[in-house]
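In what follows, a single structure is set out as C-alpha cells and then discussed.
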2 protein chains.
Amino acid sequence: MNTKSKSELKRLEDAARAGWLYYVGKNTQDEIAQKLNVSRQSAQRLVALAVSEGLIKVRLDHPIAQCMDLAERLKSKFDLIDCEIVPSDPADPSAITGLAQRGSRVLEQYLKSEQPQTLAFGTGRALKACIDELPAMKCPHHQIVSLVGTMMSDGSASPYDIVVSMADRVKSKHYPMPLPVLASSVEEKNTFHQLQPVNNILNLAKQADVTFVGIGHMGPRSPLLVDGFLKQNELDELTQNGAVGEVISWIFNEQGQLLDSSINHRVASSPISVNSTKPVYGIAAGENKVSAIHAALQGKLINSLITNEFTAELILKQN
Amino acid sequence: MNTKSKSELKRLEDAARAGWLYYVGKNTQDEIAQKLNVSRQSAQRLVALAVSEGLIKVRLDHPIAQCMDLAERLKSKFDLIDCEIVPSDPADPSAITGLAQRGSRVLEQYLKSEQPQTLAFGTGRALKACIDELPAMKCPHHQIVSLVGTMMSDGSASPYDIVVSMADRVKSKHYPMPLPVLASSVEEKNTFHQLQPVNNILNLAKQADVTFVGIGHMGPRSPLLVDGFLKQNELDELTQNGAVGEVISWIFNEQGQLLDSSINHRVASSPISVNSTKPVYGIAAGENKVSAIHAALQGKLINSLITNEFTAELILKQN
DNA sequence: ATCCTTTATGAGCATATGCTCATGCTGTGG
DNA sequence: CCACAGCATGAGCATATGCTCATAAAGGAT
C-alpha cells in the first residue's frame, strides 16, 4: 500500500517542488519548467499531480467558507441544481432576514433576464420576505404565476399573497390562482380545476422556468394551522399518519412521499412536478423545519434549496 | 481600524465566495461570474482580492527529501529542538513567503493547544509575515508577550508591531512592551525594567512556552540601521568590534557571544534565556543573513530554526 | 537481439486568465 | 442643480494554462 517505487517518490517530490513554486512562489509554469529543467508541459503535469495527489491544500479563511462547504455537501447528497447557504445569526438561527436577502438575489437573476421567464410561487412568510427585499424593477415581459389558491375559504384574499405583491413590485403579468387553498370536497376541487382560466394557470405553472416554494412543518405553529386551513384535530390525524411537512399545501411524510389522506385529495394547489432541469427552490430555515426540509429533499419535492448554516448542519445530520 | 464599512464587508464576502469557488470548487472565472452574477472581469478581480486579502491560504504537504536532509543535519550539528527547511525559489532565495507559511504553521500548532500557552515574540519582517499567514482563530486562553520595546524613541509605535497584530488575529491576551527598543542610558534602562508592569512582562517572557525571533544582520541593510535604531557610525563601530548579527536587538559576534558594548548595555529587550526544553525559534533566510544565523546557532541564542534550503546549505558550509 | 506493450514527451490548439484603457457611474461639494 | 473627482465596469488583447494527439523512449518477454 505504502510501497511507492523510488521513481514514483522522485516524481512526487518534483511535483511537490513544482506545486510549491506555483502556488507559494507564484511562478508561472514556464518558470518552473526552467527551474526544474523540464518542458513546460511536464511542469504543468507536475503541478496537476501535486494537486491531484493532495499535496497542495487550499483553504479559505473567511466565515463564508463553512457555508460554501455545507452547500456543496447538500448539493451532492440530494442531487440539487442549486443550494444557497447563508450564515446564521447564532442568537437567532431561525431568522429569515438572511434567507430573504439571498432569495431575492436569486430571484433577481431571473428577473434580469432579457428572455421572457415564467416564475411560479408558493406561499409563506419566507417567500413574502424575499419579495419584500426585491428592488423595484420593470419586467413586463415576465410572467408570475401562483401555485396555490390565493383565497381563504370565505373568498377573502390570502394574507401572504406573494404573486400580487411581487407583480406590483416588478410590473409583470401575473396569475393569482382564484381558488381556496383547500376545496371542501374532491368534487369541488375537480370542478375548479376544469375551469378554463384555472386550467390555463396550472399549465403555465407546469412550464415555469423557475419555482419558489416555502416549506411548512407540522406542529403547534404549523402554517396550515396558524393560517386556519386546518383544524387542530385534522393536524393531529395527519401527524399520526406520519406527516412531517408540506409544500404548497401538499402534505408529505418523512420520506417526502405525499400522504394518501383525504386532505391531500382536496388540496387545490398545482400538482408538484419537479424535473432536473428547471430549478424548484425551497426556502426555509429553523430547527422545527429540519425534518420537513429533509423530507422534501429526500422525496425530490424540491431540487434547489435556500437555507441557513444552522439549518443546513442539522439537515446533514439527519440520517 | 477594524471598522470596515458595510459595502467593504460585502465585497470581501463576495471575494471569499469567488475564492472558494475558484480554488476549492475548481470553477473557472466565467462560471463564478455567472454564479455571482457579475462580469468575468469582476470575478477575476474578486478572486485576486481574495488572494491579496489573504483569505486564501495555500500549503504544501510533502516532506521534500532534500529539505528534510538539511534540517536533520542542522539539527544534529547545532543540537536544535526543531529545524524547518522550506524549498527556496532559485530565482529569489531571500524570499520570505515560504518561511512565513511554515512559520505560521508552527505557530498554529501552539495556538491550537487546549493548554494555555505563553508565546513570546521578537520583531522583524519575517515574523510579521508569519503572523500575516495565520488564519483567524479564537485563542483567549493563550498569552502573547513582546520581548522587545514596541515604541520608537519618540514614543510612536514600532512599524512591525508583532504582538498587537498577532493578538488581533487570534484574540489572545497580549503584552506589548511599553518601552523604546534602546534606552538612552543604562540608568534609564534599569529604571524602566524596575517598573512593575515591565517587570511582570519580563517574567512572563522568561517562562514562555515558545519564543519566536527574527535574526538581524549587520551591514548596509541591517534592520537596526534601516529602522533608525542605530546610526551609521555606531553600526560601523559595532562591526569593527566583531558584530555579525542581532537577536531582539542584542548584538553578537561570530561566535554568538553578546558584545560588551555600550549599546548592548542600553538594549531594553528581555534578556536572552535559552534552555533546552522550550523552543526558541529563529526565523530568517537570505545570503546576507548566513553569518548572523550561523553565529546565533553557535552561541545558542536560539535552539530552533526556520529557514530555506538555500540558506541552510550556506550555513552548513560555514566552517 | 527483436518485437511488442506501456509510459513519457512535446507540438499545437482551444480556452482561461490577468491586465490596460476608455467609459460611465456615484456621490460630494459648491 | 451642476460640475468634478474618484472609483467601478467591461471591451480587447497578450499571455498562461490545460488538454489531445502523434511520436519517442523505456521496459519486458520471447
Side-chain angles (χ1 to χ4, degrees), chain A residues 3-60 62 64 68 101 105 108-109 111-115 133-138, chain B residues 3-58 60 62 89-92 95 97:
Chain A
T3 44
K4 308 262 182 185
S5 80
K6 194 156 185 183
S7 76
E8 273 177 296
L9 280 176
K10 171 86 176 87
R11 192 171 165 70
L12 268 187
E13 176 166 334
D14 281 346
R17 229 168 247 287
W20 190 90
L21 287 167
Y22 190 67
Y23 287 104
V24 183
K26 301 283 172 204
N27 284 263
T28 72
Q29 298 183 352
D30 268 315
E31 292 171 310
I32 296 168
Q34 274 195 301
K35 287 175 187 175
L36 299 189
N37 208 28
V38 295
S39 73
R40 211 261 306 160
Q41 289 86 339
S42 301
Q44 195 273 326
R45 280 176 193 123
L46 287 174
V47 173
L49 182 67
V51 173
S52 71
E53 286 291 315
L55 303 180
I56 298 294
K57 301 258 166 72
V58 186
R59 70 178 189 200
L60 176 65
H62 191 281
I64 288 299
M68 302 291 287
Q101 265 185 15
R105 214 151 103 188
E108 227 181 301
Q109 302 264 24
L111 291 171
K112 268 188 194 156
S113 161
E114 296 291 324
Q115 307 301 322
E133 286 286 322
L134 271 183
M137 300 175 76
K138 279 185 189 163
Chain B
T3 44
K4 307 262 184 190
S5 81
K6 194 155 183 183
S7 76
E8 274 177 298
L9 278 176
K10 171 92 174 80
R11 193 169 166 71
L12 264 189
E13 181 173 322
D14 279 347
R17 216 169 269 288
W20 192 94
L21 288 167
Y22 191 68
Y23 287 104
V24 184
K26 301 281 168 206
N27 284 264
T28 72
Q29 298 184 350
D30 268 313
E31 291 170 309
I32 295 168
Q34 274 197 298
K35 289 183 187 175
L36 300 189
N37 207 29
V38 295
S39 70
R40 213 259 308 155
Q41 290 87 336
S42 301
Q44 195 273 325
R45 281 175 191 124
L46 286 173
V47 173
L49 182 66
V51 174
S52 71
E53 286 291 314
L55 301 178
I56 299 293
K57 305 270 163 74
V58 186
L60 175 68
H62 188 276
D89 182 345
D92 183 7
T97 41

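Owing to the predicted nature of the structure, the values given are computational and were not obtained by experimental measurement. Residue numbering restarts at 1 for every chain, and letters A, B, ... go by the order of the sequence lines.
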query = For nucleotides 17-24 of chain C, read 5' to 3', which letter fits each nucleotide if B means a protein heavy atom sits under 4.0 Å from the base, S means only the sugar-phosphate is that close, and - means neither?
reply = BBBB----

Sequence-distant partners of A/Lys26, salt bridge (Lys or Arg N to Asp or Glu O under 4.0 Å), two or more places apart = none

query = Sequence neighbours excluded, which residues qualify as side chain to side chain contact (heavy atoms under 4.5 Å, CB included) partners of B/Ala16?
reply = A/Leu60, A/His62, A/Ile64, B/Leu55

Nearest-Å distance for atom pair CD/C1', residues B/Gln34 and C/dA16 = 14 Å

ask   = For B/Glu31, which residues count as a side chain to side chain contact (heavy atoms under 4.5 Å, CB included) partner, sequence neighbours excluded?
value = B/Asn27, B/Thr28

key: Which residues share a side chain to side chain contact (heavy atoms under 4.5 Å, CB included) with A/Gln109, sequence neighbours left out   = B/Asn37

ask   = Are OP1 or OP2 of D/dG10 and a side-chain N or O of B/Ser42 less than 4.0 angstrom apart?
value = yes

message = Rounded to whole Å, how long is the line connecting atom CG of A/Leu36 with atom P of C/dG10?
response = 13 Å

Partner residues of B/Gln34 under the side chain to side chain contact (heavy atoms under 4.5 Å, CB included) criterion, sequence neighbours left out = none

